[in-house]
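Let me begin by presenting the structure, written as structure tokens, before commenting on it.
Along the sequence shown, the residues carry numbers beginning at 1. Quick caveat, the model's predicted, so the values are computed rather than measured.
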Amino acid sequence: MSDRGLAAVVCGGTAGVGRATAHALARAGFRVAVIARGEQGLSDTRDELEAAGAKVLAISADVADAGAIDQAAERIEAELGPIEIWVNAAMATVFGPVNKISAAEFKRVTEVTYLGFVHGTLAALRYMEARNRGTIVQVGSALSYRAIPLQSAYCAAKFAIRGFTDSLRCELIHTNSRVRLTMVQLPAHNTPQFDWSRNKMQKRPQPVPPIHTPEVAARAIVRAATDAPRELWLGRASFQAIIGNMFMPGLLDRMMAKQAWSGQMTDEPTTAEQPDNLFQPVEGLHRLEGRFGDQAKGKALAMSAETVGKLAAAGLALVAVAAVVLVAAIAN
């Protein structure tokens with residue numbers, strides 16, 4: 001994929017999956033716009049991309065501010081060129097049980113992790129619908145299908161993104177729009193999220209293994225931007241969570257109650273002075289990777305939801321045929 005002269009936008013593009021995606025899109029030949037709050041993270045990311053030969057526009061804006069995102073899109077169109085790809089990847093979370101999270105914290109996570117995607121999508125649509133082309137990529141999670149304890153605000157936002165995306169997709173189909181909409185459901189990745197997210201637990205948080213490098217997610221996101229499947233599922237854990245929840249949600253409730261509670265905490269105690277990025281950016285932690293590099297895998301299976309459905313249908317057909325053959329053999 002090479003589209004010199006066209007712009008790709010990454011909201012939340014200065015750390016982790018977003019930063020890796022910005023690099024991947026630059027390598028694919030796009031002019032890259034990075035939107036985030038922190039000036040230092042924006043400066044560092046811009047310098048990296050420019051050193052790699054990319055044309056870059058770094059914009060300081062909070063995705064929770066719809067007006068700021070509209071203004072950012074206007075600047076991108078004027079300074080970089082037509083927006084061909086828009087990636088919504090910004091997120092915020094709070095680790096802790098529901099009764100330890102305040103209403104203000106729930107609101108803020110929702111404003112960033114859900115409404116931030118809505119704001120980005122609306123800004124992209126204003127230009128894409130006028131040209132009748134372009135691709136919007138929603139960076140989702142297996143948690144948009146299977147919620148886990150201690151991340152209620154984040155899981156709820158990811159569920160909301162999926163509902164919003166499905167509704168919008170139907171509208172685009174209804175109007176015969178050529179604007180493409182795709183969602184990537186990710187597993188756990190080694191990002192700074194676990195160093196700067198607000199934490200109400202006594203232990204420092206960690207991603208639930210298996211853990212992958214941010215580049216694994218970036219490759220999947222660029223693939224989704226290229227092929228635009230309805231959804232792209234990444235990693236064994238995502239397949240297990242999504243499919244398992246379809247068939248045995250009650251069992252997974254009990255499994256998550258036991259395994260995902262301790263599985264999200266390290267043995268390291270939480271320190272009172274550790275800053276978090278819920279309401280303000282944390283400078284100095286805008287990195288590509290987090291602190292779990294020794295556990296991070298560099299590969300993961302990626303498959304479109306349509307392909308998974310076809311394989312499941314084929315498997316059921318084989319089971320049915322085998323059953324018929326078995327019954328016939330018994331009858332004879």
* **Side chain proximity check, Arg230 to Arg169, heavy atoms < 4.5 angstrom** => yes
* To do: Report whether Ile76 and Ile136 are members of the same hydrophobic cluster (ILVMFWY, side-chain heavy atoms less than 4.5 Å apart, transitive linking).
  => yes
* Asked: Do Thr121 and Trp86 come within less than 4.5 Å of each other through their side chains, counting heavy atoms only?
  -> no
* Nearest heavy atoms of Arg223 and Ser304, plus distance in Å -> NH2-N, 4.4 Å
* **Partners passing side-chain hydrogen bond (donor to acceptor under 3.5 Å, both in side chains) against Thr266 (at least two apart in sequence or in another chain)** => none
* Asked: Is there any side chain to side chain donor-acceptor pair (under 3.5 Å) pair reaching into residues 108-118, and which pairs are they, with sequence neighbours excluded?
  -> Asp62-Arg108
* Residues forming a side-chain hydrogen bond (donor to acceptor under 3.5 Å, both in side chains) with Glu77, sequence neighbours excluded -> Arg131
* Mind checking what makes salt bridge (charged side-chain N to carboxylate O under 4.0 Å, His left out) contact with Arg287, not counting sequence neighbours? -> Asp195
* Residue list, salt bridge (charged side-chain N to carboxylate O under 4.0 Å, His left out) with Glu105, at least two apart or on another chain -> Arg198, Lys200
* Could you state the interatomic distance from OG1 (Thr175) to CG (Leu172), rounded to the nearest 0.5 Å? -> 5.5 Å
* Asked: Residues two or more places apart in sequence or in another chain: which of them pass side chain to side chain contact (heavy atoms under 4.5 Å, CB included) with Arg162?
  -> Ser144, Tyr145, Phe159, Asp166, Met183, Gln185, Glu231
* With no hydrogens and no angle check, is any side-chain donor or acceptor of Ser177 less than 3.5 Å from a backbone partner on Ile173? -> no
* Student check: side-chain heavy atoms of Thr21 and His23 closer than 4.5 Å -> no
* Asked: Hey, are Thr213 and Asn190 close enough side-chain-wise for a donor-acceptor pair under 3.5 Å?
  -> no
* **Student check: side-chain heavy atoms of Cys11 and Phe117 closer than 4.5 Å** => no
* Same apolar cluster: Leu80 and Val9, side chain cutoff 4.5 Å -> yes
* Asked: Partners of Asp253 by salt bridge (charged side-chain N to carboxylate O under 4.0 Å, His left out), sequence neighbours excluded?
  -> Arg146
* Side chains of Thr165 and Thr182: does their closest heavy-atom pair fall under 4.5 Å? -> no
* Test log, rule side chain to side chain contact (heavy atoms under 4.5 Å, CB included), inputs His286 and Leu42 -> CA-CA 9 Å; His286 287 80; Leu42 284 166; over 6 Å; no
* Asked: Taking only residues two or more places apart in sequence, or in another chain, which ones meet Arg178 in a side-chain hydrogen bond (donor to acceptor under 3.5 Å, both in side chains)?
  -> none
* **Side-chain donor or acceptor of Ser60 paired with backbone N/O of Arg37 under 3.5 Å** => yes
* Structure fact -> side-chain hydrogen bond (donor to acceptor under 3.5 Å, both in side chains) filter on Glu79, not counting sequence neighbours, yields Arg75
* To do: List the steps and the verdict of side chain to side chain donor-acceptor pair (under 3.5 Å) for Gln151 and Thr93.
  => CA-CA 7 Å; Gln151 287 207 65; Thr93 189; 3.1 Å; yes
* To do: Begin from the C-alpha positions of Asp70 and Arg126 and carry the test salt bridge (charged side-chain N to carboxylate O under 4.0 Å, His left out) through to its verdict.
  => CA-CA 9 Å; Asp70 285 342; Arg126 289 187 182 96; 2.6 Å; yes
* With distance as the sole test, does Gln264 use its side chain to make a donor-acceptor pair with the main-chain N or O of Val208 at under 3.5 Å? -> no
* **Min side-chain heavy-atom separation His119-Val63 under 4.5 Å** => no
* Structure fact -> Value for CZ (Arg46) from CD1 (Ile59), rounded to nearest 0.5 Å, stands at 11.0 Å
* Shortest non-hydrogen contact between Ile243 and Trp233, atoms and distance -> CG1-CZ3, 4.0 Å
* Asked: In Å and rounded to the nearest 0.5 Å, what is the CG to CG distance from Leu168 to Leu125?
  -> 5.5 Å
* Apply side chain to side chain contact (heavy atoms under 4.5 Å, CB included) to Met201 and Leu150, showing your working. => CA-CA 9 Å; Met201 307 302 292; Leu150 305 181; 4.0 Å; yes
* Asked: If only atom types and distance count, is the side chain of Thr191 paired as donor or acceptor with the main-chain N or O of Glu289 below 3.5 Å?
  -> no
* **Path from Phe279 to Val282 over hydrophobic side-chain contacts below 4.5 Å** => no
* **Spacing of Glu84 atom CD and Leu6 atom CG [to the nearest 0.5 Å]** => 5.0 Å
* Got a second to check how far Lys100's NZ is from Asn199's CG, nearest 0.5 Å? -> 10.5 Å
* Among all residues two or more places apart in sequence or in another chain, which pass the salt bridge (charged side-chain N to carboxylate O under 4.0 Å, His left out) test with Glu48? -> Arg19
* To do: Please determine if Glu268 and Lys203 form a salt bridge, counting it only when a charged side-chain N lies under 4.0 Å from a carboxylate O.
  => no
* For His189, check ring pair (Phe, Tyr, Trp, His ring centres under 6.0 Å) against everything at least two apart and list the hits. => His212
* hydrophobic_cluster_shared for Ile83 and Phe30, side chain cutoff 4.5 Å -> no
* Yes or no on side chain to side chain contact (heavy atoms under 4.5 Å, CB included) for Phe106 and Val98, after CA distance, side-chain angles and deciding distance? -> CA-CA 9 Å; Phe106 273 110; Val98 168; 4.2 Å; yes
* Asked: Is the side chain of Ser167 donor-acceptor paired with the backbone N or O of Gly163 at a distance under 3.5 Å, no angle test?
  -> no
* Donor-acceptor pair, Arg291 side chain versus Gln206 backbone, under 3.5 Å? -> no
* **Full working for side chain to side chain contact (heavy atoms under 4.5 Å, CB included) between Phe194 and Arg204** => CA-CA 8 Å; Phe194 303 92; Arg204 295 183 74 186; over 6 Å; no
* Does the side chain of Ser197 reach to within under 4.5 Å of the side chain of Phe95, using non-hydrogen atoms? -> yes
* **Heavy-atom side-chain contact between Val139 and Val184 under 4.5 Å** => no
* Glu50, CD atom: more than 12 neighbouring heavy atoms under 6.0 Å -> yes
* Structure fact -> Output for pair (Ser43 OG, Glu283 CD), nearest 0.5 Å, gives 10.0 Å
* To do: Just jot down the side chain to side chain contact (heavy atoms under 4.5 Å, CB included) partners of Met255, sequence neighbours excluded, or say none.
  => Leu251, Leu252, Gln259
* **Asn277 side chain to Gln280 backbone, donor-acceptor under 3.5 Å** => no
* Asked: Are Tyr127 and Val10 joined in one hydrophobic group, where the rule is that I, L, V, M, F, W and Y side chains link up if heavy atoms are under 4.5 Å apart?
  -> no
* **Expected output: side-chain Asp227 to main-chain Pro229 donor-acceptor under 3.5 Å** => no
